[in-house]
Amino acid sequence: GNDLESFLGAVFLMVLVSGALLVERSDGKALGLFAVVIIVLGIVGIFSMVVLSVYLRFLRRGKPYQFFICHHKVAAGNFARLLKIHLLEHKKVHRSVFVDSDDLRDLSMLFTYIKDDL
């Protein structure tokens with residue numbers, strides 16, 4: 001998504017700077033310094049993405065929610081909260097319980113919560 005787009009933009013910028021080094025009428029010293037800065041930033045960016053990916057894949061302590069409860073507000077609102085209370089009291093439940101009406105602040109983030117946190 002956005003990470004890939006940022007990476008490709010940085011690569012494109014490095015290619016442009018490298019090409020600018022081949023132009024005869026340029027200040028080679030300043031352009032060389034600029035190219036080094038861009039390349040170092042690119043390397044740091046790639047390293048940061050790799051470290052973040054490894055952390056998210058292997059080192060994160062698991063997902064914050066163990067259960068997801070989605071309900072019809074009128075018909076089952078009280079039952080959903082009661083179920084959440086009972087689940088949280090159960091000895092085999094070690095993580096939080098997601099109830100859409102309690103934990104969902106932005107409806108557009110619903111699928112993100114399901115994908116990333118459950």
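Nothing here was measured: the structure is a model prediction, and the numbers come from that model. We're numbering straight along the sequence, starting at 1.
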>> With rounding to the nearest 0.5 angstrom, report the CZ to NE2 distance, Phe67 to His90.
In response: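 Reported value, rounded in 0.5 Å steps: 8.5 Å.
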> Roughly how far, to the nearest 0.5 Å, is the NE2 atom of His86 from the CG atom of Leu88?
Replying inline: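 Those atoms lie 11.0 Å apart.
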> Do Met14 and Leu16 sit in the same hydrophobic cluster, where Ile, Leu, Val, Met, Phe, Trp and Tyr count as joined when their side-chain heavy atoms come under 4.5 Å apart?
Replying inline: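 In one cluster: no.
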>> According to a hydrophobic-cluster definition based on side-chain heavy atoms being under 4.5 Å apart (Ile, Leu, Val, Met, Phe, Trp, Tyr only), do Val93 and Ile85 belong together?
In response: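 The answer is no; the residues belong to distinct hydrophobic clusters.
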> Does the pair Leu83 and Val97 meet the rule for a side chain to side chain contact (heavy atoms under 4.5 Å, CB included), with working shown?
Replying inline: CA-CA 9 Å; Leu83 179 60; Val97 176; over 6 Å; no
Using distance only, find each side-chain donor-acceptor pair of residues 32-53 under 3.5 Å and give its atom names and separation, not counting sequence neighbours.
from: Ser48; atom 1: OG; to: Val44; atom 2: O; distance (Å): 2.8
from: Ser53; atom 1: OG; to: Met49; atom 2: O; distance (Å): 2.8

> Looking at residues at least two apart in the chain, or sitting in another chain, which of them share a side-chain contact (heavy atoms from CB on, under 4.5 Å) with Ala10?
Replying inline: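 With sequence neighbours excluded, Ala10 shows a side-chain contact (heavy atoms from CB on, under 4.5 Å) to no residue whatsoever.
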